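Every value quoted in this text rests on a predicted model; they were computed, and no experiment measured them. Each chain gets a letter, A, B and so on, in the order the sequences are listed, and its residues count up from 1.
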2 protein chains.
Amino acid sequence: MAISLNEKYLKKFLSDSEVDKIWPQVEAAHKTIYEKSGYGNDFLGWVDLPFNYDKEEYERVKAAAKRIRSNSKAVVVIGIGGSYLGARAAIEYIKSPFHNELDKESPDIYFAGNSISPAYLNGIIKLCDGKDLTVITVSKSGTTVEPGIAFRAFRKILNEKYGEAEAKKRIYCVTDKCRGALKKFADEQGFETFVIPDDVGGRYSMFTPGGLLPIAVAGVDIDELMRGAKDAAERYSKCDKDNACYRYAALRNILYRKGRSVEMLVGYEPALLQTAEWFKQLYGESEGKDQKGIFPASAIFSTDLHSLGQYIQDGSKIMFETVLNVENGGDDYYIEKVCGDFDGLNYLADRGMSEVNRKAYEGTVLAHTAGNTPNIIINVPGMSAYDYGCLIYFFEKAAGISGYMLGVNPFDQPGVESYKKNMFALLGKKGFEDMREKLEKELGE
Amino acid sequence: MAISLNEKYLKKFLSDSEVDKIWPQVEAAHKTIYEKSGYGNDFLGWVDLPFNYDKEEYERVKAAAKRIRSNSKAVVVIGIGGSYLGARAAIEYIKSPFHNELDKESPDIYFAGNSISPAYLNGIIKLCDGKDLTVITVSKSGTTVEPGIAFRAFRKILNEKYGEAEAKKRIYCVTDKCRGALKKFADEQGFETFVIPDDVGGRYSMFTPGGLLPIAVAGVDIDELMRGAKDAAERYSKCDKDNACYRYAALRNILYRKGRSVEMLVGYEPALLQTAEWFKQLYGESEGKDQKGIFPASAIFSTDLHSLGQYIQDGSKIMFETVLNVENGGDDYYIEKVCGDFDGLNYLADRGMSEVNRKAYEGTVLAHTAGNTPNIIINVPGMSAYDYGCLIYFFEKAAGISGYMLGVNPFDQPGVESYKKNMFALLGKKGFEDMREKLEKELGE
């Protein structure tokens with residue numbers, strides 16, 4: 001079963017002819033990608049990655065994951081942005097947000113190096129205490145501050161716990177093929193390394209070892225994940241109006257040009273929470289530039305119907321919703337019957353929560369569209385690794401198409417450097433002395 | 001030390017005279033609250049709650065928390081929206097997001113009844129397996145679907161585990177004073193009950209037993225929390241231009257009227273994540289009505305500088321940031337020196353991460369304001385229960401003032417009912433038959 005789009009709840013907001021009218025832009029974007037003729041064309045490696053990934057390395061990923069699973073009770077994945085969001089999102093979706101607590105066959109997986117909070121790092125260190133430990137560090141350069149600090153911390157812990165020789169066998173680096181400080185250091189030290197290809201950016205790196213190794217360590221069948229990605233890559237390679245992925249790109253651009261500046265990604269399973277974070281990076285970073293772009297937000301329903309629901313229903317009409325409708329969410333729970341029916345819920349007794357959740361979804365879509373918030377529905381068959389591979393590729397391809405339709409380079413992120421440069425200057429890093437003086441003056445004013 | 005506002009980074013976007021010009025609206029909102037003359041004036045109980053809460057009941061909260069801490073290894077807090085967000089946010093801020101894993105003196109605290117996902121409920125049930133268990137259910141009516149299903153599930157578990165007599169001693173209900181299905185049932189069964197006052201809405205209920213009991217169970221000194229709330233209530237009771245809380249309300253209204261439709265609450269500590277969720281309910285539900293209101297979003301930096309940072313820096317100029325600048329984040333971590341300096345980070349060696357985090361904050365504020373995103377800075381002295389009490393009251397009071405300035409009723413949430421009614425109809429609840437037919441037709445079209 002493939003991902004499908006339900007456009008029924010858009011009828012009130014746009015017509016089929018609007019899709020026709022914008023379609024030449026979809027075709028142009030498609031051409032730009034396949035002819036590699038646009039801005040950012042050095043970063044199109046993700047397009048065919050599900051076909052032409054390095055098969056030998058892929059087997060090494062699986063072997064490493066097997067080894068780590070057999071000799072570790074805790075695994076710290078060090079990375080920031082695209083170097084951790086994909087793995088985290090996949091593990092929570094395919095396994096469970098309670099993976100660490102409930103899967104006693106797999107090591108606990110912690111994400112570090114994605115924050116400069118000492119409280120957070122101290123917390124992760126304590127969580128690893130007394131557990132056999134492996135470290136996977138994911139960084140093209142190896143010089144980024146956040147993962148750099150964490151890598152120093154955990155390498156010290158490994159060295160103290162196991163001695164340098166054994167520690168070296170417990171450090172895996174996913175990094176540049178030949179350049180960069182981390183690659184050089186890893187080769188000197190003898191850490192096993194894996195490659196993030198030059199032409200794949202961080203937010204498009206789920207199907208590189210940066211995503212695959214931690215996902216495999218969690219016990220996910222990555223063959224199935226890749227099979228899903230491959231099927232999706234085939235399915236969405238043709239530019240016709242049945243291409244759900246391209247239609248999604250078209251629809252969100254139409255809504256944006258009608259003044260819908262916020263896209264809220266909505267799911268009805270808490271297991272989608274981190275997928276929404278991954279989505280927000282993919283779309284925010286691909287499109288938020290040149291003073292343009294849809295602002296990506298997210299919510300988990302029905303939870304957040306009791307927080308953001310009021311706003312979506314009756315607030316400013318600046319948003320549209322994209323609903324991830326997972327058709328099969330896994331094991332059900334049947335509602336208890338209660339003698340006396342004190343809470344008036346016996347009409348739900350012996351029915352599955354999945355049915356109630358489905359009715360909440362249907363009721364919400366009808367309520368929100370009646371309240372003038374457009375809803376794009378993306379039907380996802382289930383929560384398997386295969387389904388997830390399809391979904392991730394769907395969003396990646398749509399982001400590329402959508403970004404070109406918006407008229408930006410979907411594959412750079414120049415704005416991310418601004419805060420870093422300021423931070424370097426304020427920290428007194430060499431080469432930033434002039435800037436430091438200027439910034440400290442601004443802060444002092 | 002009190003919360004303070006830093007308006008320095010707004011200079012480019014608004015002038016002092018704009019605050020002067022809007023101030024009569026602040027005064028009018030203040031008057032509306034204290035004269036109880038506005039829409040929603042039946043729900044102003046939160047204003048003086050830090051002074052006139054029920055002292056006898058408060059002692060019972062502390063006694064119950066002590067009892068629960070002594071006889072339970074897991075506590076399930078059942079509630080949705082304002083009935084869980086406050087407690088969860090406070091525990092993560094004051095204790096830690098790793099509270100359950102790291103504080104072995106306190107019971108694990110799980111939040112249920114805030115979702116209709118069977119996977120989520122099944123997960124929480126498994127997490128409680130084999131642990132001595134208490135259930136705290138927080139619901140004015142007791143008939144809300146999500147907490148209702150969870151309460152049925154966990155009452156059955158308690159009954160099977162302990163027998164009905166002992167189970168009754170392990171169920172605590174925070175509910176209406178005399179009305180409502182839950183109050184009636186609790187009295188029949190002999191569960192200990194606590195009161196959510198009639199004039200305090202869910203999103204303003206942190207300082208009622210709905211927030212206080214779970215917070216106290218986590219081992220937080222709620223006397224300190226209430227002392228902070230009381231000091232803030234005094235501090236923000238006068239309508240003058242030194243009132244930081246009122247100024248914040250004024251500033252966000254000015255920015256909104258200049259076209260800034262999204263407010264992003266930003267923090268540099270992962271421990272602020274759930275506080276941002278609480279904030280989003282408070283502001284989204286108070287202001288998102290009559291097709292108006294600022295859309296509340298959130299981010300944790302530097303983490304999300306590597307996902308949403310690009311958008312904030314260079315994307316559509318529809319937002320402003322409100323930065324929670326926590327001046328003392330707790331225990332530090334000192335960065336390791338590395339022989340050879342392979343990653344070029346030795347200039348940070350032996351310095352605290354808190355210093356690096358501070359420079360990231362300063363560098364980001366300068367970068368984002370240079371990129372034309374206004375930044376309101378709220379300085380919060382620390383992460384104690386006292387600091388948190390101040391902060392929560394600050395936001396509550398500002399939401400009331402701000403909502404009246406916007407011209408809405410800040411204390412109702414009529415839009416939340418829309419999805420519920422649809423869901424009831426689609427589930428075949430009695431009394432909704434006509435609606436069901438209509439909705440099913442819409443779905444089937």
Measure across A:Tyr333 and B:Pro118 and return the closest heavy-atom pair with its distance rounded to 0.1 Å.
N-CB, 3.5 Å
Quick check on B:Ile294 against chain A: is it the side chain, the backbone, both or neither that has a heavy atom closer than 4.5 Å?
backbone
Region of B:Pro97 that comes under 4.5 Å of a non-hydrogen atom in chain A:
neither
B:Met435 versus chain A, heavy atoms under 4.5 Å apart: side chain, backbone, both or neither?
neither
Return yes if a side-chain donor-acceptor contact under 3.5 Å exists between B:Ser307 and A:Glu277, otherwise no.
no
Need one label for B:Ala119: side chain, backbone, both or neither, based on atoms under 4.5 Å from any heavy atom in chain A.
both
About how many Å separate CD of A:Gln310 and CD of B:Glu417, when rounded to the nearest 0.5 Å?
9.5 Å
Counting only non-hydrogen atoms closer than 4.5 Å, does B:Tyr334 touch chain A with its backbone (N, CA, C, O), its side chain (CB onward), both, or neither?
neither
Quick one: do A:Ser117 and B:Met353 satisfy side-chain contact (heavy atoms from CB on, under 4.5 Å)? Show the steps, please.
CA-CA 7 Å; A:Ser117 158; B:Met353 279 179 89; over 6 Å; no
Cut-off 4.5 Å, heavy atoms of chain A, and the answer for B:Ser83 is neither
Nearest 0.5 Å, what's the CG-CG distance between A:Leu305 and B:Asn114?
12.0 Å
Can you say whether B:Gln281 sits under 4.5 Å from chain A via the side chain, the backbone, both, or neither, judging by heavy atoms?
both
Find the one option among B:Ser139, B:Gly309, B:Gly123 whose heavy-atom pairs under 4.5 Å with chain A are most numerous.
B:Gly123
Over all heavy atoms of both residues, which pair between B:Lys292 and A:Tyr311 is shortest? Give the atoms and the distance, please.
O-CE1, 4.1 Å
Does one side chain, of A:Ser316 or B:Gln291, offer a donor that lies under 3.5 Å from an acceptor on the other?
no
Closest approach of A:Arg152 to B:Glu336 (non-hydrogen atoms, all atoms of both residues):
NH1-O, 2.7 Å
Using heavy-atom distances under 4.5 Å, tell me whether B:Leu102 contacts chain A through its side chain, its backbone, both, or neither.
side chain
B:Phe279 versus chain A, heavy atoms under 4.5 Å apart: side chain, backbone, both or neither?
neither
With chain A, which of B:Lys317, B:Glu188, B:Lys359 has the greatest number of heavy-atom pairs at distances under 4.5 Å?
B:Lys359
Heavy-atom distance under 4.5 Å between the side chains of A:Lys126 and B:Phe98, does that happen here?
no
Structural part of B:Arg155 lying under 4.5 Å from a heavy atom of chain A
side chain
Interatomic distance, NE2@A:His306 vs OG@B:Ser115, rounded to 0.5 Å, equals 10.5 Å
Which one, B:Leu127, B:Ile125, B:Asp304, B:Asn100, leads in non-hydrogen pairs under 4.5 Å with chain A?
B:Leu127
Pick from B:Leu85, B:Asp290, B:Ile318, B:Leu121: which one has the most heavy-atom pairs with chain A under 4.5 Å?
B:Leu121
Starting at OG of B:Ser96, measure out to OH of A:Tyr120 and round the result to the nearest 0.5 Å.
10.5 Å
Region of B:Val408 that comes under 4.5 Å of a non-hydrogen atom in chain A
neither
Check each atom of B:Leu348 against the heavy atoms of chain A and say whether the ones under 4.5 Å are side chain, backbone, both or neither.
side chain
One thing to verify: whether A:Lys184 and B:Asp343 come together as a salt bridge, which I'm taking to mean a side-chain N less than 4.0 angstrom from a carboxylate O.
no
Closest non-hydrogen atom pair between B:Gln313 and A:Gly415, with its separation
CG-O, 3.5 Å
To the nearest 0.5 Å, what is the distance between OG1 on A:Thr143 and CZ on B:Phe342?
9.5 Å
dist B:Thr364:OG1 -> A:Lys420:NZ (nearest 0.5 Å) comes out at 11.5 Å
Let's test your reading of the structure: which of A:Trp278, A:Tyr9, A:Tyr283, A:Tyr268 forms the most heavy-atom pairs below 4.5 Å with chain B?
A:Tyr9
Residue part contacting chain A, namely of B:Lys289, when any heavy atom lies under 4.5 Å:
both
Exercise: identify the closest heavy-atom pair between A:Ile149 and B:Leu345
N-CD1, 4.0 Å
Pick whichever of B:Phe301, B:Tyr419, B:Phe151 has the most heavy-atom pairs under 4.5 Å with chain A.
B:Tyr419
Quick check: closest heavy atoms across A:Gly363 and B:Leu426, and the distance to 0.1 Å?
N-CD1, 3.5 Å
Which bit of B:Val262 is near chain A, if near means a heavy-atom gap under 4.5 Å: side chain, backbone, both or neither?
side chain
